[in-house]
There are 2 protein chains.
Amino acid sequence: MLTKKNIVVIPEPTLRRLPHYLHLLLNLKEQGVKSVSSTFIANELGLDSTQVRKDVQYTNIIGKPKTGFDVNSLINAIQTCLNWNRYENAFLIGAGSLGTAMLGYKQFKDYGLNFVAAFDNDPEKVGQKIHGIEVLSIDRLPVLAQLMKIHLAVLTVPAKAAQECVDIMLKGGIVAIWNFAPMQIKVPQNVIVENAQFSQSLAVLTRKLSVYKQTLL
Amino acid sequence: MLTKKNIVVIPEPTLRRLPHYLHLLLNLKEQGVKSVSSTFIANELGLDSTQVRKDVQYTNIIGKPKTGFDVNSLINAIQTCLNWNRYENAFLIGAGSLGTAMLGYKQFKDYGLNFVAAFDNDPEKVGQKIHGIEVLSIDRLPVLAQLMKIHLAVLTVPAKAAQECVDIMLKGGIVAIWNFAPMQIKVPQNVIVENAQFSQSLAVLTRKLSVYKQTLL
DNA sequence: GCTGTATTGATAAAATATTATCGATACAAA
DNA sequence: TTTGTATCGATAATATTTTATCAATACAGC
Ligand SMILES: NC(=O)c1ccc[n+]([C@@H]2O[C@H](COP(=O)([O-])OP(=O)(O)OC[C@H]3O[C@@H](n4cnc5c(N)ncnc54)[C@H](O)[C@@H]3O)[C@@H](O)[C@H]2O)c1
Ligand SMILES: NC(=O)c1ccc[n+]([C@@H]2O[C@H](COP(=O)([O-])OP(=O)(O)OC[C@H]3O[C@@H](n4cnc5c(N)ncnc54)[C@H](O)[C@@H]3O)[C@@H](O)[C@H]2O)c1
C-alpha cells in the first residue's frame with residue numbers, strides 16, 4: 001500500500017515491533033555480531049520468523065540466504081523508517097512527576113526526540129530548570145512554537161487540563177501530539193495524536209492475570 | 001472463543017479500547033448522564049459504532065434500542081472485565097525517576113493497582129519512603145513476595161538490570177510483570193509479561209509525522 | 001394506542017494481520 | 001567441485017479484526 005506520494009504505509013503492528021527489533025539489534029551490535037537471521041530474532045522476541053521477515057521487508061532491507069540480515073544496515077533502516085536517526089525538537093507540556101521523569105530520560109535521544117523546552121501554568125514551576133530544560137509559561141507556547149518551528153509536543157498534564165492545553169498547542173502550529181493524559185483529546189483531522197496511555201497496556205495485563213487466576217481455581 | 005474454564009477470550013485490541021470507554025463513561029457519569037449510545041461513544045473516541053457495540057458485547061452488557069447502554073452498568077462491567085474493581089497489590093522494582101512518578105500516581109487505584117512496596121539495589125534509596133511507600137532492598141523481594149502473596153510487579157529498572165531483576169522476581173513467585181525497560185525479558189511460559197515501552201507508541205507517532213512531512217513536500 | 005425512528009444485536013462481508021509452504025540461493029564442509 | 005542445509009522472499013492459506021447490513025425493538029410524540 002502506498003500513500004499519494006508513493007510512501008509505503010507500514011502497518012501499525014509492525015511499527016510497534018520495530019523498536020523491539022532495534023533494541024535487540026543494538027545489543028547484538030554492541031556484542032560485535034555482524035549479521036542475524038529472522039529465526040534468531042523471532043526466538044529472542046517470541047515472534048514468528050515469517051513475521052520478522054515480513055516486518056523487515058518494510059524497511060527495504062534484503063537479506064542473504066543462509067546468513068541473514070546485516071545488523072548495521074538493519075539498524076540504520078529501522079531508524080530511518082521511524083525517523084530516529086535525526087532529532088525532532090519537541091516541547092513538553094506539564095512539568096509534573098511524569099513530565100520530570102521524561103525530561104530527564106536521556107535515551108529519548110535514541111528515539112530522535114529532543115526536548116527544547118517545557119511548559120506549565122504553575123507559577124512555582126515556571127522559571128525553574130528541570131534536568132537543564134527551562135520551564136516556561138504556557139502562555140508563551142504559541143509564539144515560541146512558531147518561532148522555533150516546533151511540530152511535536154508531549155502532553156503530560158492532568159486529564160482535566162488536557163484539552164485546554166491542546167487548543168493552545170494547536171494555535172502554535174503543533175501537528176503531532178504524544179498524549180499521556182487519560183483523556184481523548186479533540187484535534188483537527190490533519191493533526192496526529194498518539195495516545196500513550198498506561199491504562200491501555202495495563203488493561204491487557206490485568207485481564208490476563210485475572211483470567212489466569214480464574215483458570216487456576 | 002473460550003478458554004478451558006469457559007472464560008471468554010477478549011481480543012487484545014478490544015482490551016486496549018476498554019479503558020478509553022471507561023474514562024469517557026466516568027466523565028459522563030460525573031455529568032449525570034444515565035445512558036449512552038454506541039454512536040455517541042464512537043463519535044467521542046473516533047471509532048466505528050459497530051465496533052463499540054462489539055466491544056461492549058464482551059462485557060456482557062446488553063443495551064436497549066433507541067436508548068443505548070446504562071452508564072453505570074457499563075462502567076461496572078468494564079471494571080469487572082479488567083479486574084479494576086478490586087485492588088491488586090503490587091511491587092515496584094526500580095525506584096528511579098519513572099518509578100517515583102508511578103509510586104506517586106494516585107489514579108492507579110482506579111486501575112485496581114496498589115503499590116505496597118518498592119525495591120531497589122541503591123543503598124541511598126533503600127530505607128527511604130517515596131510517596132509513603134517504603135523502598136526495600138531487592139534481596140528481600142523473593143521472601144516478601146511469597147509472604148505477602150504478591151503476584152504482580154512493575155519493572156522500572158534500566159534495561160541492563162532488567163533480566164537480573166526478573167529472575168529475582170520469579171523466585172518470589174511473581175506471575176505478572178509490567179515491563180517498562182526497553183528490553184525483552186525472558187520468563188517461563190506461564191508468566192505474563194506486558195511490555196509498556198514508550199518506544200512502541202513513539203514509533204507509531206514519529207513514523208506518521210515523518211510521512212506527514214514528506215507528503216507536504 | 002398508533003406511528004416514526006434511533007438504536008441494538010446478530011450475521012455477513014471486507015480488510016488486515018499472521019502463519020505456513022516452498023522453490024531459489026548463498027555458504028560451509030566434504 | 002559437489003553436496004547438504006540454513007535461510008531468504010514470494011505466494012498462499014488461515015486467523016483475526018473491522019466494517020456493513022438489516023430485522024427486531026423500545027421509546028417519544030402525536
Ligand atoms: N505519574 C504517573 O506515573 C502517570 C501514569 C500514568 C498517567 N499519567 C498521566 O500523566 C499526566 C501527568 O501526570 P503527573 O503524575 O505528572 O501529574 P502532576 O500533577 O505531577 O503534573 C501535572 C503538571 O501539569 C501542570 N498543569 C496542570 N494544568 C495545567 C495547564 N492548564 N497548563 C499547563 N500545565 C498545567 C501542573 O502544574 C503539573 O506540573 C496525567 O494526565 C496523568 O493522568 C501519569
Ligand atoms: N524516565 C523515563 O521517562 C523513561 C521513559 C521510558 C522508559 N524508561 C525506562 O524505564 C526504566 C527506568 O527509567 P528511569 O528513568 O526511572 O531510570 P533511573 O535510573 O532513574 O531509575 C532506575 C532505578 O533502578 C535502580 N536499579 C538499577 N539496577 C537495579 C537492580 N539490579 N536491582 C534493583 N534496582 C536497580 C536504580 O537504583 C534506580 O533507582 C528504564 O529501563 C528506562 O529505559 C524511562
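What you are looking at is a predicted structure, and each value in this text was computed from that prediction instead of being measured. Every chain is numbered from 1, with letters handed out A, B, ... down the list of sequences.
Distance CD (Glu12(A)) to C1' (dT18(D)): 14 Å, rounded to an integer number of Å. Going from atom OH of Tyr58(B) over to atom C1' of dG9(C) covers 14 Å, rounded to whole Å. For the pair Asn60(A) CG and dG9(D) C1', the computed distance is 14 Å after rounding to whole Å. Atom C1' of nucleotide dT8(C) and atom CD1 of Ile61(B) are separated by 14 Å, given to the nearest angstrom. Across the protein-nucleic acid pair, Asp55(B) atom CG and dT16(D) atom P stand 16 Å apart, rounded to whole Å. The separation between Ile41(A) atom CD1 and dT7(D) atom P is 12 Å, rounded to whole Å. When rounded to the nearest whole Å, the span between CG of Asp48(B) and C1' of dT7(C) equals 14 Å. In this entry the distance linking CD1 of Ile10(B) with P of dT16(D) reads 15 Å, nearest Å.
Dashed line: the shortest gap from a side-chain N or O of Arg17(B) to OP1 or OP2 of dT18(D) is under 4.0 Å. Within the 4.0 Å cut-off from OP1 or OP2 of dG9(D), not a single side-chain nitrogen or oxygen of Lys54(A) is found. For Lys66(A), no side-chain nitrogen or oxygen approaches OP1 or OP2 of dA28(C) to under 4.0 Å. OP1 and OP2 of dT11(D) both lie 4.0 Å or more from every side-chain N or O belonging to Arg53(A). The shortest distance between the side-chain N/O atoms of Ser38(A) and the OP1/OP2 oxygens of dC8(D) is below 4.0 Å. Residue Gln57(B) places at least one side-chain N or O closer than 4.0 Å to OP1 or OP2 of dA10(C).
Between Phe180(A) and Phe198(B), the ring-plane angle classifies as tilted under the 30° and 60° cut-offs.
Listed nucleotides dG9(D), dT8(C), dT19(C) differ in distance to Thr39(B); the shortest reach to its side chain belongs to dT8(C). The side chain of Pro13(B) has dT17(D) as its nearest neighbour among dA26(D), dC8(D), dT17(D). Of the candidates dA20(C), dA20(D), dT7(C), dA20(C) carries the atom nearest the Thr50(A) side chain, counting heavy atoms from C-beta on. With dT19(C), dC27(C), dC8(D) as the choices, the nucleotide that has an atom nearest any side-chain atom of Gln51(A) turns out to be dT19(C). Ranking dC8(D), dT7(C), dC27(C) by closeness to the Lys64(A) side chain, first place goes to dC27(C).
No hydrogens or angles considered: nothing links the side chains of Lys106(B) and His131(B) as a donor-acceptor pair under 3.5 Å. Side chain to side chain, His23(B) and Gln197(A) fail the donor-acceptor criterion of an N or O pair below 3.5 Å. Side chains of Asp167(A) and Gln163(A): a donor-acceptor N/O pair is present below 3.5 angstrom, by distance only.
Contacts of Thr67(B) with the nucleic acid, taken as non-hydrogen atoms under 4.0 Å apart, involve only primed sugar atoms and P, OP1 or OP2.
For Phe115(A) and Phe91(A), the gap between ring centers reaches or exceeds 6.0 Å.
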